[in-house]
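So the structure is just underneath, and the comments pick up after that.
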Amino acid sequence: MAQKNLTDFTKHQSIVGQEESEENKLSPNCKELILSLPREKGWITPYLYLFQGFWYAAAEIQAINNFQNHFQAKDSDIIVASVPKSGTTWLKALIYAIVNRQYFPSLENHPLLTFNPHELVPPFEFIIYDDIYNQIHDVSNMAEPRLFGTHVPFTSLAKSIKETNCKIIYICRNLFDTFISTWTFVNEIMPQFLPTLPLEEAFERYCKGIIGFGPSWNHILDYWKESINRPDKVLFLKYEDLKEDVNFNVKKMAEFLGCPFTQEEESSGVTENIIKLCSFEKMKELKVNKFGTMGKNRIIENKYFFRKAEIGDWTNYLSPSLVRELSNIIEEKFSASGLSFKAYE
């Protein structure tokens, strides 16, 4: 046990040094900003900082600043938004396949067979505007419609996104499953970064809202309210509804994006083929998603984006007392919003 504690301490010190090295790469303005922000222990990085009402790692704050200051949206842009671990990978695959179906009538050579969905629908804050690892990309010449992903809450999106007619499709998930999916994901990739996080400690942070891009309930309500105010701008989806009737929701997304399926397409099985192509079972077994990696320097194996895709897995992890605690938070945060989630017990 003593040797394990020493190993964990050594690893933690190494990661703290890595975090300090990364923070040294921040712009002077961002360094000054970070010093002024509230700070708490992080999940993957040693610290998270409260910025514009939500918790982020230092590198993410600089990327979000770059995103807010430089991104110029086009009316034809499509943005897939979500709380992390809410079905993001699946939704990105579906959107990519829906929008590009005319270019790939045969699924034999489809890009989703050789690329992870996060590569085809790149996130603003981890790829496009991440200059910590010199990853800033010029998106002005991307083929239209341009597809992007983000975990950034609506209030912190670039101004041009809010002012143009670009479309946002948002997905959220029951917070119990979101927590468990996040906790298991973090602990799978944690050996690269920090010692694994005990469930009770992670749960305590989660209930305080201290999680990357959290509090999760504020993130969800952010997009929910905008979807009510501007239903032509934001399509709000629940992971559970998508699982329950994927055919209906795929057609709904296509209509929202202005590219509805024709009667001929439906008759020839185009919708069903897209659903099969993007299914959890199909994507999990692809070589790119079993052995490929994502990211630069901090490499995350693609296989970690495909765990179970189940509803109600949280019942295998959470004690009655923890369930009551999060249930009370959900009731408090969502009761006046008109937004509710099915109970899976």
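No hydrogens, no waters, no symmetry mates; every other heavy atom, side chains included, goes into these values.
Within the 4.5 Å cutoff, the side chain of T164 has no heavy atoms near those of the D77 side chain. Between T150 and I168, every side-chain heavy-atom pair lies at or beyond the 4.5 Å cut-off. Between I78 and R146 there is no side-chain heavy-atom pair separated by less than 4.5 Å. S82 is listed as a side-chain neighbour of I171, based on a closest heavy-atom distance under 4.5 Å. Side-chain contact between F148 and C166: absent, with no pair of heavy atoms (C-beta onward) separated by less than 4.5 Å. Residues H151 and F126 are in side-chain contact: their nearest non-hydrogen atoms beyond the backbone lie under 4.5 Å apart. Counting only heavy atoms from C-beta outward, the side chains of L50 and I210 never approach each other to under 4.5 Å. Within the 4.5 Å cutoff, the side chain of W90 has heavy atoms near those of the Y239 side chain.
Distance CD1/I64 to CZ/F71: 14.5 Å, rounded to 0.5 Å. Atom NZ in K252 sits 6.0 Å away from atom CG in L237 (nearest 0.5 Å). Separation of atoms CZ (F213) and CG (L48) is listed at 9.5 Å; rounding is to 0.5 Å. In this structure, CG on N65 lies 10.5 Å from OH on Y56, to the nearest 0.5 angstrom. Interatomic distance, F154 CZ to L221 CG, rounded to the nearest 0.5 Å: 14.0 Å. C172 SG to W224 CH2: the interatomic distance, rounded to the nearest 0.5 Å, is 8.5 Å.
For the pair S335 (side chain) and E331 (backbone), a donor-acceptor distance under 3.5 Å is present. In this structure a side-chain-to-backbone donor-acceptor pair under 3.5 Å is present from S86 to V83. K92 places no side-chain N or O within 3.5 Å of a backbone atom of E119 that could act as its donor or acceptor partner. Formation of a donor-acceptor pair under 3.5 Å by the S36 side chain with backbone atoms of L33 is found in this model.
The shortest non-hydrogen separation linking K167 to D232 is NZ-O, 2.7 Å. Summarising the geometry of E125 relative to G149, their closest heavy-atom pair is OE1-O, 4.2 Å, with the distance given to 0.1 Å. Across every non-hydrogen atom of A202 and L197, the tightest pair is CB-CD2, 3.5 Å. For the pair C207 and W217, the tightest heavy-atom approach, listed with the atom from each and the gap, is O-CH2, 3.5 Å. When all heavy atoms are compared, the tightest approach of F179 to L199 is CZ-O, 3.9 Å. Between L37 and Y49 the shortest heavy-atom distance is CD1-CB, 4.0 Å.
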(message) Please determine whether side-chain contact (heavy atoms from CB on, under 4.5 Å) holds for the pair R173 and E240, giving the CA-CA distance in whole Å, both sets of side-chain angles, and the decisive distance to 0.1 Å.
(response) CA-CA 7 Å; R173 190 180 187 185; E240 293 79 9; 3.6 Å; yes
(message) For F334 and F341: C-alpha separation, side-chain torsions, deciding distance, then whether ring pair (Phe, Tyr, Trp, His ring centres under 6.0 Å) applies.
(response) CA-CA 9 Å; F334 291 101; F341 296 89; 5.6 Å; yes
(request) With side-chain contact (heavy atoms from CB on, under 4.5 Å) as the test, would you mind laying out the steps for F54 and T155 before giving the verdict? (result) CA-CA 10 Å; F54 291 84; T155 52; 4.1 Å; yes
(message) Applying salt bridge (charged side-chain N to carboxylate O under 4.0 Å, His left out) to K41 and E201, what does each step give before you reach the verdict?
(response) CA-CA 11 Å; K41 289 175 65 177; E201 181 181 346; 3.4 Å; yes
(request) Give the C-alpha distance, both sets of side-chain angles, the deciding distance and a yes or no for side-chain contact (heavy atoms from CB on, under 4.5 Å) between W43 and T182. (result) CA-CA 10 Å; W43 290 53; T182 303; 4.0 Å; yes
(message) L326 vs F203, test: side-chain contact (heavy atoms from CB on, under 4.5 Å). Steps then yes/no.
(response) CA-CA 9 Å; L326 186 52; F203 189 82; 3.8 Å; yes
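A parallel orientation is assigned to the rings of F124 and F67, their planes being inclined by less than 30° (bins at 30° and 60°).
Other residues, nucleotides and ligands contribute over 12 non-hydrogen atoms within 6.0 Å of the CD atom of E163. Dense packing is recorded around NZ of K233, with more than 12 heavy atoms of other residues, nucleotides or ligands lying under 6.0 Å away. Dense packing is recorded around CD of Q102, with more than 12 heavy atoms of other residues, nucleotides or ligands lying under 6.0 Å away.
Considering P111, C278, P117 as possible partners of Y96, the one that fulfils the side chain to side chain contact (heavy atoms under 4.5 Å, CB included) test is P111.
Both I98 and Y103 belong to a single network of hydrophobic side chains, linked directly or stepwise wherever heavy atoms of I, L, V, M, F, W or Y lie under 4.5 Å apart.
Side-chain contact, D177 with N174: no donor N or O sits under 3.5 Å from an acceptor N or O. Defined by atom type and a distance below 3.5 Å, a donor-acceptor pair is present between the side-chain atoms of Q68 and Q52.
Remark: E226 does not engage K162 in a salt bridge, criterion side-chain N to carboxylate O under 4.0 Å. For R101 and E265, the salt-bridge test passes: some basic side-chain N is under 4.0 Å from an acidic carboxylate O. Ionic pairing of E144 and K74 is present here: one or more N-O contacts between side-chain nitrogen and carboxylate oxygen are shorter than 4.0 angstrom.
Residues passing the side chain to side chain contact (heavy atoms under 4.5 Å, CB included) test with Q72 are S160, sequence neighbours excluded. Every residue meeting the side chain to side chain donor-acceptor pair (under 3.5 Å) condition with Y170, not counting sequence neighbours, appears here in chain and number order: H219. By the side chain to side chain contact (heavy atoms under 4.5 Å, CB included) test, N247 is found to be paired with D245, K251, T271, E272, I275, residues two or more places apart in sequence or in another chain being considered. Partners of S321 by side chain to side chain contact (heavy atoms under 4.5 Å, CB included), not counting sequence neighbours, listed by chain and number: S319, R324. In this structure P122 satisfies the side chain to side chain contact (heavy atoms under 4.5 Å, CB included) test together with I127, I128, sequence neighbours excluded.
Sorted by first and then second residue, the ring pair (Phe, Tyr, Trp, His ring centres under 6.0 Å) pairs with a member in residues 240-269 form an empty list; sequence neighbours excluded.
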